[in-house]
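The first residue in the sequence is number 1, and the count goes up from there. Owing to the predicted nature of the structure, the values given are computational and were not obtained by experimental measurement.
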Amino acid sequence: MFPTPIQHRSTFAQWRYVIAVPIVLVIWLLPLIGVAVTSLKPASDLAAGNYFGWPSDLAFGNYATVFQNSPIGQYILNSFKVTIPTVIGALALSLLAGFSLAVYEFRSRLLIFFLFVAGNFVPFQILMVPVRDLTLKLGMYDTVGGLIAFHVAFQTGFCTLFMRNFIKALPFELIESARVEGVSEFRIFWHIVLPLMRPAIAALAVLVFTFVWNDYFWGLVLAQGSHALPVTVGLYSLNGQWVAVWNLISAASLIAALPPVIMFFFMQRHFIAGLTFGATKG
């Protein structure tokens, strides 16, 4: 059922693996390498048509120029203002909803769970017009609060599905024993279930942070001013400011990509533990 570990394969297969992995890795990273090289090129290289070659001079000053000549710092700050509250809100709501759907027996439980699951299959593009009209009616259009509210709403469905399945895999005897001892439901959730949920919380925090930080669609639909635009949409606005200065746009793109990468490296151990929890259980 499972593939044979490479250590147990033939010598020829091991050599093929050693040769193929670096080649595939370079091909996969080639676009990122191209952006990184372009970000270090002086403007004269691009003006001379040096789009794919090595820079004639390493222009590390491009990264400083981006902050000096554009509102990229404000866009990054806007993304943090949107992403961090969204992660906290989506995780808090999904923890409570997942706990209720996994632990309690009530008549409409399956229907509610089905609604959470079904919501994940609705294309966001279909909701573009009604969501934009709703933000206008509520006075939340072109505001950081509006982006937070709708990101929390859209992310909570997936997070609840993840949390409910994770809690279902926990030993239910722990909850029953606590109830026999007279522990309240909130204390059971706070002192027993929540500590066991740390791997799932870490995994979802990384995923939701990445989803929201990299979102372009809702940032474009629900905001238009520099006070609310996230960095993904802000990068597109730089394309109009610097029509052909791709070295500065490339530098800004790499700066914008750093926060999710840094978060993943700091939380990769918990992230992997959360995704693989229960994989070996019968």
Side-chain angles (χ1 to χ4, degrees), residues 71-101 112-113 115-166 197 200-237 253 255-264 266-267 271 274-275:
I72 187 69
Q74 179 64 46
Y75 295 146
I76 292 175
L77 180 61
N78 293 341
S79 287
F80 277 114
K81 288 180 179 179
V82 172
T83 303
I84 294 175
T86 298
V87 172
I88 296 173
L91 290 182
L93 291 175
S94 63
L95 276 168
L96 295 172
F99 179 76
S100 300
L101 293 172
I112 295 174
F113 181 62
L115 292 176
F116 277 111
V117 175
N120 294 314
F121 296 98
V122 178
F124 287 164
Q125 292 80 359
I126 295 176
L127 304 174
M128 178 179 67
V129 175
V131 166
R132 185 178 182 276
D133 290 343
L134 182 59
T135 57
L136 288 170
K137 292 177 181 178
L138 295 176
M140 302 176 69
Y141 180 74
D142 197 23
T143 64
V144 171
L147 286 170
I148 293 172
F150 283 94
H151 275 305
V152 170
F154 291 131
Q155 296 297 330
T156 298
F158 167 73
C159 293
T160 299
L161 171 64
F162 191 95
M163 291 294 188
R164 183 260 185 189
N165 293 338
F166 197 99
M197 295 290 294
I201 294 172
L204 271 184
V206 174
L207 289 175
V208 174
F209 187 96
T210 304
F211 293 159
V212 177
W213 184 276
N214 291 335
D215 174 74
Y216 175 79
F217 181 77
W218 289 117
L220 183 65
V221 171
L222 300 180
Q224 61 179 171
S226 60
H227 63 282
L229 282 178
V231 68
T232 47
V233 184
L235 287 176
Y236 179 77
S237 69
S253 300
I255 293 171
L258 280 178
V261 174
I262 293 172
M263 184 174 183
F264 174 78
F266 272 109
M267 302 187 69
F271 177 77
L275 292 183

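Here Leu147 contributes atom CG and Trp218 contributes atom CH2; the two are 10.5 Å apart, rounded to the nearest 0.5 Å. Interatomic distance, Thr160 OG1 to Ile112 CD1, rounded to the nearest 0.5 Å: 11.0 Å. Here Leu115 contributes atom CG and Asn120 contributes atom CG; the two are 11.5 Å apart, rounded to the nearest 0.5 Å. How far SG of Cys159 is from CD1 of Ile201: 11.0 Å, rounded to the nearest 0.5 Å. In this structure, CD in Gln155 is found 10.0 Å from CG in Leu91, a value given to the nearest 0.5 Å. Atom CE of Met263 sits about 14.5 Å away from atom CG of Leu258, to the nearest 0.5 Å.
The two residues Tyr141 and Ala223 make their nearest non-hydrogen contact at CE1-N, 4.3 Å. Closest heavy-atom contact between Leu134 and Phe150: CD2-CZ, 3.9 Å. Smallest separation of non-hydrogen atoms from Ala203 and Phe162: CB-CZ, 4.4 Å. Here the closest heavy-atom approach between residue Ala256 and residue Pro259 is recorded as O-CD, 3.4 Å. The two residues Phe113 and Leu101 make their nearest non-hydrogen contact at CD1-CD1, 4.1 Å. Taking every heavy atom of both residues into account, Lys81 and Val144 meet most closely at CB-CG1, 4.0 Å.
Two residues are said to be in side-chain contact when any heavy atoms from C-beta on lie closer than 4.5 Å; Asp142 and Leu222 fail this criterion. Between Val82 and Asn78, every side-chain heavy-atom pair lies at or beyond the 4.5 Å cut-off. Counting heavy atoms from C-beta outward, Val129 and Arg132 have side chains that stay 4.5 Å or more apart. Annotation: side chain of Val87 is not in contact with side chain of Trp213 (no heavy-atom distance under 4.5 Å). Thr232 has its side chain out of reach of Tyr75: every pair of non-hydrogen atoms, C-beta onward, lies at least 4.5 Å apart. Contact of the Met197 side chain with the Phe99 side chain is not registered, since no non-hydrogen atoms from C-beta on lie closer than 4.5 Å. Residues Pro260 and Phe209 meet the side-chain proximity criterion, which asks for heavy atoms closer than 4.5 Å.
Checking Val212, Val131, Asp215 one by one against Phe154, the side-chain contact (heavy atoms from CB on, under 4.5 Å) holds for a single residue, Val131.
Using a distance-only test at 3.5 Å, with no hydrogens or angles considered, a donor-acceptor pair links the side chain of Thr143 to the main chain of Met140. Thr86 contributes no side-chain N or O that, together with a main-chain N or O of Val152, makes up a donor-acceptor pair within less than 3.5 Å.
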Apply side-chain contact (heavy atoms from CB on, under 4.5 Å) to Phe217 and Met128, showing your working. CA-CA 9 Å; Phe217 181 77; Met128 178 179 67; 3.7 Å; yes

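Figure legend: Arg164 and Phe116 shown without cation-pi pairing, the cationic atom not lying both under 6.0 angstrom from the six-membered ring centre and within 45 degrees of its axis.
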